[in-house]
Amino acid sequence: MAYELAYVERIQHKRRQDAAYQAGKDAVTNLQAALARAELTLPSLSNDGPVGSHGFVRLGGCNADFANRLAEVIAAGAEALQHQR
């Protein structure tokens, strides 16, 4: 026998899914802005919708040069953060 969600449970689930979708959308926007500051673009970066009530961002593929440049930017940012502490 299958369990059916009550009306309140369906509404709560929908709100969690909507919040997760928005979180993914916001993360994509934030990452695009950060990459732009480093003059980098991931064309396949996208919001992949909620997964298990969490936002999910699809980063997509990139070539080796891009991956190496991204690694440099991340390393420089991490080093800058360590010096702030």
Given the rule in the side-chain hydrogen bond (donor to acceptor under 3.5 Å, both in side chains) test, do Asp18 and Gln22 qualify, once you have shown the distances and angles that lead to the verdict?
CA-CA 6 Å; Asp18 289 348; Gln22 187 62 48; over 6 Å; no

Same cluster or not: are Leu35 and Val28 linked, directly or through other Ile, Leu, Val, Met, Phe, Trp or Tyr residues, by side-chain heavy atoms under 4.5 angstrom apart?
yes

Under a 4.5 Å side-chain heavy-atom rule over Ile, Leu, Val, Met, Phe, Trp and Tyr, are Val57 and Ile74 clustered together?
yes

CG-CG distance between Leu45 and Leu40, expressed to the nearest 0.5 angstrom
12.0 Å

How far does CG of Asn47 sit from OG1 of Thr29, to the nearest 0.5 angstrom?
8.5 Å

How about Arg16: does its CZ atom have over 12 heavy atoms from other parts shown lying under 6.0 Å from it?
yes

Could you check whether Glu9 and Tyr3, counting side-chain N and O atoms only, form a donor-acceptor pair closer than 3.5 Å?
yes

Do the side-chain N and O atoms of Glu72 and Asn68 include a donor-acceptor pair separated by under 3.5 angstrom?
no

Check step by step if side-chain contact (heavy atoms from CB on, under 4.5 Å) holds for Lys14 and Ile11.
CA-CA 5 Å; Lys14 172 81 168 103; Ile11 296 297; 5.7 Å; no

Quick one: side chain to side chain contact (heavy atoms under 4.5 Å, CB included) partners of Asp65, sequence neighbours excluded?
Asn63

Is it the case that the side chain of Arg58 and the backbone of Ser46 share a donor-acceptor pair, with hydrogens and angles ignored and the cut-off at 3.5 Å?
no

Which pair of heavy atoms, one from Gln17 and one from Ser53, lies closest together, and at what distance?
OE1-OG, 3.3 Å

Does some side-chain heavy atom of Ser44 sit less than 4.5 Å from a side-chain heavy atom of Leu59?
no

Tell me, do Leu42 and Phe66 make a side-chain contact under 4.5 Å, heavy atoms counted?
yes

